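Okay, so here's the structure we're looking at.
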Amino acid sequence: MLNFRAMNYAHVKERVAEIRGMISEAVSRGGHNQEVQIVAVTKTHGIEAVEAAWEAGLEICGENRVQEALSKISAVSVPVRWHLIGHLQRNKVEALDHFALLHSLDSSRLADSINKYGVKRGHSIDCLVQVNTSGEESKGGFTLDELLPEADRLVSAAGVKIVGAMTMAPIDASEAVLRKTFSGARKAREILQAAGHPAVELSMGMSGDFAVAVEEGATLVRLGTSIFGVRE
Ligand SMILES: *Cc1c(COP(=O)(O)O)cnc(C)c1O
């Protein structure tokens with residue numbers, strides 16, 4: 001079994017209520033009028049965190065590592081949906097059976113592997129294309145220039161269903177950089193839609209920057225620290 005630090009999740013419900021308030025204010029300020037779903041990022045936390053999230057009304061949990069996710073998925077009894085938000089190795093695409101959505105489709109080679117598996121299993125796999133709109137070298141994903149041909153190429157990939165875009169902002173970014181990063185992801189979604197993909201989702205915003213992300217149109221925010229407290 002995984003050996004997680006014992007934490008106290010008594011405040012999760014309260015925090016989620018506060019966060020929901022912040023999100024609806026940000027939707028009003030941003031004017032995109034979108035619905036926003038919270039992905040409770042439970043990485044490094046035990047199944048108590050998953051249960052606390054569910055009891056607070058959250059229905060989606062996010063994990064960034066396959067192995068850690070799978071042990072929690074098999075151990076929890078609450079019916080949350082799982083999203084994979086971290087990099088996926090091409091030899092682990094079968095793990096996607098356990099996830100409702102992959103946020104981090106970050107290369108053409110991974111897209112090809114997922115497509116092949118989706119075709120083989122007989123129904124397509126829902127994915128967000130990860131885009132690098134911050135300009136940081138260290139961030140994964142497609143630049144908007146790279147996305148243009150990839151969006152066209154993936155239209156014929158029957159095993160992958162591209163339902164939106166995902167991005168990550170640099171840590172401690174200025175508001176100007178946050179806005180550029182998040183509006184860039186909105187642009188990425190437009191590129192995907194123009195190519196013919198059913199791209200409606202925008203996964204962006206973490207604990208430190210979700211208000212700006214929501215103002216810029218986020219439909220999925222990925223929150224760990226702000227819900228569960230600081231990770232060790
Ligand atoms: C850990 C993680 C998050 C959540 O980060 P917090 O700052 O704790 O909210 C969001 N997205 C990804 C991809 C992550 O790995």
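Order of appearance sets the numbers: ligands from 1, and atoms from 1 within every ligand. Heavy atoms only: backbone and side chains are in, while hydrogens, waters and symmetry mates are out. Computed from a predicted model, the values in this text were never measured in an experiment. Along the sequence shown, residues are numbered consecutively beginning with 1.
- Ordered by chain and residue number, the residues placing a heavy atom less than 4.0 Å from ligand 1 are V41, K43, N64, I85, M168, M206, S207, R222, L223, G224, T225, R231.
- If you check the side chains of S226 and S207, you find a donor sitting under 3.5 Å from an acceptor.
- Screening residues 211-232 for ring-ring contact (aromatic ring centres under 6.0 Å, His included), with sequence neighbours left out, gives Y9-F228, H45-F228.
- Of the listed residues (E48, E51, E63), just one forms a salt bridge (Lys or Arg N to Asp or Glu O under 4.0 Å) with K72, and that residue is E63.
- Within a 6.0 Å sphere centred on CG of N91, other residues, nucleotides and ligands contribute more than 12 heavy atoms.
- Sorted by first and then second residue, the ring-ring contact (aromatic ring centres under 6.0 Å, His included) pairs with a member in residues 69-100 read H83-H103; sequence neighbours excluded.
- Applying the salt bridge (Lys or Arg N to Asp or Glu O under 4.0 Å) test to pairs two or more places apart or on separate chains, those with a residue in residues 104-113 are D112-R153.
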